[in-house]
Amino acid sequence: MTVSLALDVKAELGEGPIWDARRQRLLFVDIMRGHVHEFDPVSKGDRVHHVGQPVSAIAPTTGGDWLIATRHGFFHLNPDRGDVKPVALVEADKPTTRMNDGYCDPRGRFFAGTMSMAHEKNAGSLYRLDPGGRVTTIFTGVTTSNGIDWSPDGRLTYYVDTGTGRVDVCDFDADAGTLSNRRPFVTIPAGRGKPDGMIVDAEGGVWVALWGGGAIDRYLPDGRLDYTIDLPVTHPTKVAFGGPDLSDLYVTSAWIGVPAEARASQPHAGGLFHCRPGVKGRAATLFAG
Ligand code: CA
């Protein structure tokens with residue numbers, strides 16, 4: 001599989017890629033710089049929106065703007081004017097935590113979690129944001145809340161707390177928006193990196209970015225490793241399917257995790273990478289608000 005550099009963006013902590021089908025753009029964030037990137041694969045143009053605070057995840061909404069997870073809460077970001085509008089605060093009383101990855105469930109609610117910026121274990125949580133702005137705690141005791149996505153039939157939720165070294169799977173109650181019966185789905189072997197962002201494709205395959213492992217794994221719904229895509233950087237963060245027919249795979253990465261002595265050998269660390277793996281993704285559910 002040929003992996004190419006789509007955008008030599010040198011993101012410090014590139015994250016949260018998601019395809020905005022309405023605008024035909026690949027959105028992603030550079031978390032601590034507070035940047036939202038809007039990449040046009042046709043023109044190769046990259047528009048950068050400055051949020052003014054850490055921004056860790058983004059989702060297009062039914063209203064035509066974007067929902068973003070910022071350091072301590074959720075905001076709407078207007079793609080045309082660039083202004084933000086608050087939705088709900090999260091852990092605003094905790095100075096050492098920030099929000100991290102998030103994604104919409106099949107009903108258009110947004111699930112996103114938190115993590116400690118001071119390397120405290122189990123200091124984070126996973127939350128669910130409902131369209132009206134109500135925030136509900138789903139899990140506590142999370143170390144680094146990361147990728148979350150649903151099986152194509154909507155009955156399962158896959159979830160990564162990077163601190164566990166695993167991808168877990170839960171039963172999903174779509175009406176209630178609740179997770180139950182959490183159990184291990186895949187444990188990443190020691191030395192292969194840490195599970196970070198995660199996405200489920202149209203066939204139910206589970207794609208996991210291996211932070212520090214320089215690769216993306218695809219797992220079958222039964223948990224078997226299907227194949228691995230090796231990357232020219234050690235710190236991929238998350239993948240997203242995009243393009244007109246969702247057959248383009250994009251990978252964000254970070255240079256902040258690359259040890260200083262290794263940076264010379266990874267000139268494109270922090271870049272946005274692209275390949276066509278032969279399997280298609282699913283359109284991201286819009287946030288219903
Ligand atoms: Ca992440």
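Each ligand, and each atom within it, is numbered from 1 in the order the structure gives.
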I need the minimum non-hydrogen distance between W19 and P244, along with the two atoms involved. CZ2-N, 4.4 Å
Checking only N/O/S atoms, does N146 have one that is under 3.0 Å from the Ca ion (ligand 1)? yes
Write the atom name of the N, O or S atom in D196 that is nearest the Ca ion (ligand 1). OD1
Closest heavy-atom contact between P60 and I18? CD-CD1, 3.8 Å
Looking only at N, O or S atoms, which one in E15 sits nearest to the Ca ion (ligand 1)? OE2
Regarding W207 and D201, do their side chains bring together a donor and an acceptor under 3.5 Å, going by distance alone? yes
Can M198 be reached from I216 by stepping across I, L, V, M, F, W or Y side chains whose heavy atoms are under 4.5 Å apart? no
Counting backbone and side-chain atoms alike, does D101 have an N/O/S atom under 3.0 Å from the Ca ion (ligand 1)? no
